[in-house]
Every structure is written in C-alpha cells, then in structure tokens.
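One structure below.
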Amino acid sequence: MIYDITQPLFECEVYPGDKQPERNIIQTIDGGGDCNLTGFYMCAHNGTHVDSPYHFFMDGKGIDKIKLEKFIGKAYVEGHEGDVTAEDAEGMLSRAEAIDPEAKKKILIKGDATVTLEAAKVFAAAGVDLVGNESQTVGPFFAPRDVHLVLLGAEVVLLEGIRLGEVPDGVYFLNCAPLNLTNSDGAPCRAVLMDSF
C-alpha cells in the first residue's frame with residue numbers, strides 16, 4: 001500500500017506570516033488557448049516541505065546539495081502527543097532499531113507533537129538523516145530556532161507538514177525527494193510511504 005502523506009498545495013497550512021500558495025491560470029482551452037496552463041506562487045516552506053541547513057546557516061547546504069539518500073529510504077513512524085523529550089527520542093530510536101536498524105535513520109512523528117531542544121540533541125547525536133512531523137515546523141511553534149539550529153547544524157533534514165493520521169506505527173519506505181531548487185533553504189516535496197519494499 002502507498003500512503004500519500006502530503007498536503008494538497010493550494011489548501012495547505014502555512015506557517016504564521018508566510019503567504020498562502022496562489023494559483024495563476026495562464027491560459028485555458030475554454031478561453032481559446034491551445035492548452036490549460038497553470039502558474040503558481042509559493043514559499044519554499046508551504047505545505048509539506050523539507051528544510052535544508054541553508055535555512056538557518058549562511059554557509060549551510062542548499063536543498064540541491066543534499067544527497068537524495070537523506071530523503072529516500074526506510075523510515076520509522078511513531079505516534080506521540082505533546083512534547084517529545086530526550087527520553088522519548090531515545091525510545092523512538094530504540095524501537096525503530098529493534099524492527100529495522102536502517103529505519104532509525106529517518107524518524108517520522110505522528111500527532112500533535114513538538115520536538116524539544118533536548119530531543120533534537122538526541123536525534124542529532126544519533127546521526128539520523130531526517131526528522132519529520134505534522135506541524136509546519138519542527139520545534140516549539142512560535143520559537144523553533146534553537147531546535148532547527150541543532151538539527152540542521154548536524155545536517156539532519158527536516159520534513160515538515162506531513163499527514164500521518166491514516167498511517168499505523170511501524171517501518172515504511174519513504175520518498176520525500178524535494179524539487180531541485182538551486183541554493184534553496186527548503187523545497188516542497190510529494191512525500192509518500194510504502195508498506196511493502
């Protein structure tokens with residue numbers, strides 16, 4: 001089975017202060033055009049997207065410089081509500097490793113969860129490739145900077161704004177490859193999980 005864990009772009013949630021994505025109909029067949037043609041405007045961090053280190057570090061890698069292996073591979077999904085503590089993070093890594101050691105490199109947190117600074121330090125020290133959650137930001141909603149600095153400083157990719165409500169806890173194959181935006185601080189992606197691989 002394939003789970004689409006991506007928000008529809010034009011109806012997506014946006015981080016406070018970001019502009020909502022806008023659709024621009026350039027031409028339509030009904031309007032006399034040769035084809036239907038759509039343009040759009042969006043922030044690189046609207047909807048379901050990934051953050052690169054350049055988001056918080058001037059000398060950090062842009063999204064186009066990150067190896068695709070960070071975005072594609074086995075991942076572990078676990079539900080959690082509230083703050084993710086250091087102990088919670090250690091438990092997630094341990095449970096992922098018990099099922100499949102490869103899956104502990106990509107941790108996806110389902111539910112209304114906030115990655116704390118202490119949890120971020122655990123994930124960074126463990127050398128994970130990616131941390132994902134359902135919020136539009138990893139870390140406290142109105143003060144995410146410190147969590148981003150720890151994770152992006154360790155070149156941990158952040159996958160934000162995913163939708164895991166229909167996905168049972170467990171190990172899956174993740175593909176959240178971003179658009180190849182040169183020197184960008186982030187990029188939208190079509191994130192999917194597969195339960196057979």
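Everything quoted here is computed from the prediction, not taken from an experiment. Side-chain atoms are counted along with the backbone in the values below, which use heavy atoms only and exclude waters and symmetry mates.
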Full working for side chain to side chain contact (heavy atoms under 4.5 Å, CB included) between His55 and Leu158:
CA-CA 10 Å; His55 190 29; Leu158 305 182; over 6 Å; no

Give a yes or no answer on whether the side chain of [X] reaches the backbone of [Y] with a donor-acceptor pair at less than 3.5 Å.
X      : Y      : answer
Asn175 : Ile72  : no
Gln136 : Gly47  : yes
Asn133 : Thr137 : yes
Glu22  : Tyr41  : no
Ser52  : Ser184 : yes
His80  : Gly111 : no
Asn36  : Ile29  : yes
Tyr15  : Phe141 : yes
Glu134 : Leu164 : yes

Asp4 versus Thr6, side-chain donor and acceptor atoms under 3.5 Å
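Yes, side-chain donor-acceptor contact under 3.5 Å.
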
Would you say [Y] ends up clustered with [X] if hydrophobic residues are merged whenever their side chains have heavy atoms under 4.5 Å apart, either directly or through other cluster members?
X      : Y      : value
Phe142 : Val115 : no
Leu179 : Leu68  : yes
Leu152 : Tyr54  : no
Val77  : Val192 : yes
Val131 : Ile99  : yes

Can you tell me which residue among Lys104, Lys110, Arg95, Lys106 is in a salt bridge (Lys or Arg N to Asp or Glu O under 4.0 Å) with Glu78?
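Running salt bridge (Lys or Arg N to Asp or Glu O under 4.0 Å) over Lys104, Lys110, Arg95, Lys106 with Glu78 returns exactly one hit, Arg95.
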
Would you call [X] and [Y] a side-chain contact if the rule is heavy atoms closer than 4.5 Å?
X      : Y      : value
Cys189 : Leu159 : yes
Thr48  : Cys12  : no
Leu93  : Phe123 : yes
Asp88  : Thr116 : no
Leu130 : Lys70  : no
Asp195 : Leu193 : no
Asp34  : Gln27  : yes
Phe71  : Ile66  : yes

With side chain to side chain contact (heavy atoms under 4.5 Å, CB included) as the test, would you mind laying out the steps for Glu118 and Val84 before giving the verdict?
CA-CA 9 Å; Glu118 293 71 28; Val84 178; over 6 Å; no

Can you see which heavy atom on [X] is nearest to which on [Y], and at what distance?
X      : Y      : answer
Tyr3   : Pro168 : OH-CD, 3.6 Å
Leu9   : Pro21  : O-CG, 3.5 Å
Val156 : Ala124 : CG2-CA, 4.4 Å
Asp18  : Cys43  : OD2-SG, 4.0 Å
Phe56  : His148 : CE1-CD2, 3.4 Å

Tell me if the CD1 atom of Ile2 is crowded by more than 12 foreign heavy atoms within 6.0 Å.
no

Check this for me, if you would: do Lys105 and Glu69 make a salt bridge, where the nitrogen-to-carboxylate-oxygen distance has to be below 4.0 angstrom?
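Result for this pair is no, no salt bridge flagged.
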
Going through the checks in order, is the salt bridge (Lys or Arg N to Asp or Glu O under 4.0 Å) test met by Glu13 and Arg163?
CA-CA 11 Å; Glu13 287 187 37; Arg163 293 295 177 259; 3.0 Å; yes

Side chain to side chain contact (heavy atoms under 4.5 Å, CB included) between Lys19 and Val14, worked out:
CA-CA 7 Å; Lys19 193 172 179 182; Val14 299; over 6 Å; no

Determine, step by step, whether Asp64 and Asn183 satisfy the side chain to side chain contact (heavy atoms under 4.5 Å, CB included) criterion, reporting the C-alpha distance in whole Å, the side-chain angles of both residues, the deciding distance to 0.1 Å, and the verdict.
CA-CA 6 Å; Asp64 57 316; Asn183 298 326; 4.2 Å; yes

Stepwise side chain to side chain donor-acceptor pair (under 3.5 Å) test for His45 and Asp185:
CA-CA 9 Å; His45 299 267; Asp185 47 90; 2.5 Å; yes

